[in-house]
Amino acid sequence: MKITAIETFVCHARMRNWIFVKVVTDQPGLWGWGEATLEWHTQSVVGAIKDISQLLVGEDPRRVEYLWQMMYRQHFWHGNGIVRGTAISGIDIALWDIVGKIHGVPCHELWGGRVRDYIRLYCHLGGGKMEDFYETAPGDAKRFGDLALKAVDEGFTAFKSMAVPETMSLEGLKPIKYAVACVAAMRDAVGDDIDIMVDCHARPSPRMGMMFAKALEPYSLYFFEEPCWPETMEDIALIQRAVQTPIASGERLIGVHAFRDMLERRAVSVIQPDITHCGGLSEARKIGALADAYRVSMAPHNPQGPVSTAASIELGFATPSYIICESVHKDVEWRNDVVSEGFTVQEKGRIVLPNSRPGLGIEINEEEVKKHPFQQEVLQRTFYKDGSVGDW
């Protein structure tokens, strides 16, 4: 059995271009689907996949770890950068899809079987609609409360918000009071039985991140995400030690070595590897095992397309440290038209029951994908009041 081609299909989904990866074999009807979506770097990733494919065409797709080692270690440059790491991830996910299909079982059965009966989903405020999630403005507290109620009405028991505004490295009370007002409105709207997460998007400086974390501690967040740059890992650890709120980070880290450093510093209570960036399912499983050794929870970053979601769910059913799956469902109206899925989502509670189809249990409709060809993603830029460049 040999790999005959590695193909990419770009599907414009407004904020992102989903990059679907199809690994084709010489066995009729046998292929695997992966995803390598990286917003604002679409053409770079497609090119990287083309470069890496030289290593794999003609190889046996069943040798997943062997092929991962080749993709990561060959061509001199290791695959620990975001573009190459994303390309490797997309191909690796597709290889596991093939192995599951060969053996006629879902991927989680390849990894020792289910460790849980269902997986809980959480949503973004607005369901993934860019304007409702990323854009903030003065007087937003009521809007945050209304969107929180809507998420609960749609069956979710957990949701994530961007209640922390863009701030300079040091500001006064205004942004702190803004964040407190928005989180208080959400908690008042949904009560104590719903889990609320707040994502800082690594916008704050370490000191501002500390101030936000302490100000929001009374609201018992499920987790407080990326309070400052991941490059300042020691500062994330200081924030975690200063508050009871679980701190989460990791979506921008590539490979098990980066997560080892985070865990050794006891920097977080929740790691968030992105399966489409960190090295695929092969590397995510190693990261999950490391998290289990440190008794740290795992909640993968997953705001991308449907293959990423299917891969995250398969990982979750076989990974003890896994606690919840990020999901978007309203980023584009036609999301479900491009994919058929093997797992089932119960609307009440938004819980996922196991996939019973082989591999990832999904199939991409290539004709539907062609209806949404590449377009430049919507640019997101941040500038502070004085005109200096900020973090989006």
Side-chain angles (χ1 to χ4, degrees), residues 1-9 18-36 49-50 52-74 79 86-116 119 275-276 278-289 300 305-319 322 338-344 352-366 369:
M1 184 181 298
K2 297 184 183 301
I3 296 171
T4 58
I6 299 177
E7 304 171 356
T8 54
F9 296 80
W18 296 333
I19 304 174
F20 298 131
V21 182
K22 186 179 184 181
V23 176
V24 184
T25 75
D26 59 1
Q27 304 297 304
L30 180 61
W31 57 75
W33 286 105
E35 183 172 339
I49 291 170
K50 185 176 181 180
I52 293 172
S53 67
Q54 302 171 60
L55 296 168
L56 302 189
V57 171
E59 296 288 340
D60 187 337
R62 295 169 293 188
R63 301 181 68 184
V64 181
E65 181 62 28
Y66 172 75
L67 298 181
W68 191 95
Q69 293 290 327
M70 281 214 298
M71 289 190 288
Y72 186 88
R73 298 168 66 176
Q74 298 294 331
T86 300
I88 291 171
S89 298
I91 295 170
D92 177 83
I93 292 167
L95 292 173
W96 279 111
D97 190 31
I98 288 173
V99 175
K101 290 174 178 176
I102 290 170
H103 294 283
V105 296
C107 284
H108 66 263
E109 294 290 345
L110 301 171
W111 305 323
R114 288 189 294 111
V115 298
R116 55 182 47 86
I119 289 171
I275 296 169
T276 67
C278 74
L281 286 163
S282 293
E283 196 75 343
R285 293 185 64 230
K286 297 170 187 174
I287 293 166
V307 181
S308 174
T309 298
S312 182
I313 288 169
E314 286 302 306
L315 178 73
F317 274 114
T319 305
Y322 193 108
V338 301
V339 63
S340 65
E341 297 168 331
F343 57 84
T344 302
V352 181
L353 301 180
N355 160 50
S356 59
R357 299 181 190 173
L360 298 178
I362 53 97
E363 193 61 44
I364 296 298
N365 187 325
E366 296 177 25
V369 169

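A distance of 14.0 Å separates CD in Glu59 from CE in Met1, rounded to the nearest 0.5 Å. Atom-to-atom distance recorded for Asp60:CG and Lys2:NZ is 7.5 Å, nearest 0.5 angstrom. Summarising the geometry, atom CG belonging to Leu95 is positioned 7.0 Å from atom CG belonging to Leu56; distances are rounded to the nearest 0.5 Å. Rounding to the nearest 0.5 angstrom, the gap separating the CG atom in Leu67 from the CD atom in Gln74 is 11.0 Å.
Every residue was checked against the ring pair (Phe, Tyr, Trp, His ring centres under 6.0 Å) condition with Phe343, not counting sequence neighbours, and none meets it. With sequence neighbours left out, the side chain to side chain donor-acceptor pair (under 3.5 Å) criterion links Asn365 to no other residue. The side chain to side chain donor-acceptor pair (under 3.5 Å) search around Thr319 returns none, not counting sequence neighbours. Here Glu7 pairs with Ala5, Phe9, Lys22, Val24 under the side-chain contact (heavy atoms from CB on, under 4.5 Å) rule; sequence neighbours left out. Evaluation of the side-chain contact (heavy atoms from CB on, under 4.5 Å) rule for Ser356 yields no partner, not counting sequence neighbours. Applying the salt bridge (Lys or Arg N to Asp or Glu O under 4.0 Å) test to Asp26 and every residue at least two apart in sequence or in another chain returns nothing. For Ala289, there are no side-chain contact (heavy atoms from CB on, under 4.5 Å) partners two or more places apart in sequence or in a different chain. Applying the side chain to side chain donor-acceptor pair (under 3.5 Å) criterion to Arg73, with sequence neighbours excluded, gives Gln69. For Ala94, the side-chain contact (heavy atoms from CB on, under 4.5 Å) partners at least two apart in sequence or on another chain are Val23. Ser282 is linked by a side chain to side chain donor-acceptor pair (under 3.5 Å) to Asp92, Trp96, counting only residues two or more places apart in sequence or in another chain. Here Arg114 pairs with Asp117 under the salt bridge (Lys or Arg N to Asp or Glu O under 4.0 Å) rule; sequence neighbours left out.
A 4.5 Å side-chain heavy-atom check between Ile362 and Thr309 finds every atom pair outside the cut-off. Between Ile93 and Ile275, the closest side-chain pair of non-hydrogen atoms falls below 4.5 Å.
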Would Val339 and Trp33 count as a side-chain contact (heavy atoms from CB on, under 4.5 Å) if you check the C-alpha gap in whole Å, the side-chain angles of each, and the deciding distance to 0.1 Å? CA-CA 11 Å; Val339 63; Trp33 286 105; over 6 Å; no
What verdict does the side-chain contact (heavy atoms from CB on, under 4.5 Å) test give for Leu360 and Asn355, after you've listed the backbone C-alpha separation in whole Å, the side-chain angles of each residue and the deciding distance to 0.1 Å? CA-CA 8 Å; Leu360 298 178; Asn355 160 50; 5.9 Å; no
For Ile119 and Tyr322: C-alpha separation, side-chain torsions, deciding distance, then whether side-chain contact (heavy atoms from CB on, under 4.5 Å) applies. CA-CA 9 Å; Ile119 289 171; Tyr322 193 108; 3.9 Å; yes
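Taking every heavy atom of both residues into account, Gly79 and Ile88 meet most closely at CA-CD1, 3.8 Å. Minimum interatomic distance between Ile3 and Pro61 (heavy atoms only, all atoms of both residues): CG1-CB, 3.8 Å. Across Gly32 and Ile98, no two heavy atoms sit closer than the pair N-CG1, 3.3 Å. Closest heavy-atom contact between Gly280 and Ser89: N-OG, 2.9 Å. Nearest heavy-atom pair, Ser340 versus Arg357, reported as atom, atom and distance to 0.1 Å: OG-NH1, 3.5 Å. Shown here for Ala87 and Ile52, the closest heavy-atom pair between the two residues is CB-CD1, 3.7 Å.
At a threshold of 4.0 Å, the pair Arg285-Glu65 does not count as salt-bridged, since none of the basic side-chain nitrogens sits closer than that to a carboxylate oxygen.
A parallel orientation is assigned to the rings of Trp68 and Tyr72, their planes being inclined by less than 30° (bins at 30° and 60°).
Using a distance-only test at 3.5 Å, with no hydrogens or angles considered, a donor-acceptor pair links the side chain of Glu35 to the main chain of Ser308. Here the side chain of Ser53 pairs a donor or acceptor atom with the backbone of Lys50 at under 3.5 angstrom.
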Please tabulate, for side-chain N and O atoms in residues 99-111, each donor-acceptor pair with protein atoms closer than 3.5 Å (sequence neighbours left out).
residue	atom	partner	partner atom	Å
Lys101	NZ	Trp31	O	2.8
Lys101	NZ	Asp97	OD2	3.3
His108	ND1	Glu314	OE1	2.9

